[in-house]
Amino acid sequence: MQDRLILYVEDNFHNRRIVNKVLTSQGYTIIEAVDGESGLEAIRKIVPPLILLDITLPGMDGLEVVRHLKADQLLQGIPVIALTASAMQGDRERFLEAGCDDYLSKPIQVHELIEMVNRYYPVGNYSRLQA
Ligand code: MN
């Protein structure tokens, strides 16, 4: 069986470690990118079935990344879950408007993360990345 890949763009080491540990325990394989530019590059190369996207990133931020994805026919169907500490009123709408499919607030709640990833992970759609 092929790996159930998730691409996670996050500049914070601590969050990467938590999310990786939680989702690995659920049978997912996490590919990490630490900023928007390298994240976008990895997404174009791998075409992952699901993307977890930090919004506050150095350089190109998460909203800019998702706008690039949604403008690309090959990538626009990939579900994107935003992860952010930002909890200002209107933020959720801003993320959804930019093209994110849903939103998780930090600090990350383990059960919420698992539930949301399971909900959005495409059934029977494995990554096109070949060994
Ligand atoms: Mn960040």
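Remember, it's 1-based here, ligands and their atoms both numbered in the order they're listed.
- In summary, Asp72 and Arg67 do not engage in a salt bridge, as defined by a charged side-chain N under 4.0 Å from a carboxylate O.
- The number of protein N/O/S atoms found under 2.8 Å from the Mn ion (ligand 1) is 3.
- A continuous path of Ile, Leu, Val, Met, Phe, Trp and Tyr side chains, each step under 4.5 Å between heavy atoms, connects Ile30 with Leu104, placing both in one hydrophobic cluster.
- Side-chain atoms of Tyr120 and Asp102 include a donor-acceptor pair closer than 3.5 Å.
- Remark: Ser38 engages Asp35 in a side-chain hydrogen bond (donor to acceptor under 3.5 Å, both in side chains) (not counting sequence neighbours).
- Taking CD1 from Ile6 and CD1 from Ile46, the interatomic distance works out to 12.5 Å, rounded to the nearest 0.5 Å.
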Hey, mind stepping through Leu69 and Leu53 against side chain to side chain contact (heavy atoms under 4.5 Å, CB included) and telling me if it holds?
CA-CA 12 Å; Leu69 298 182; Leu53 182 63; 5.6 Å; no
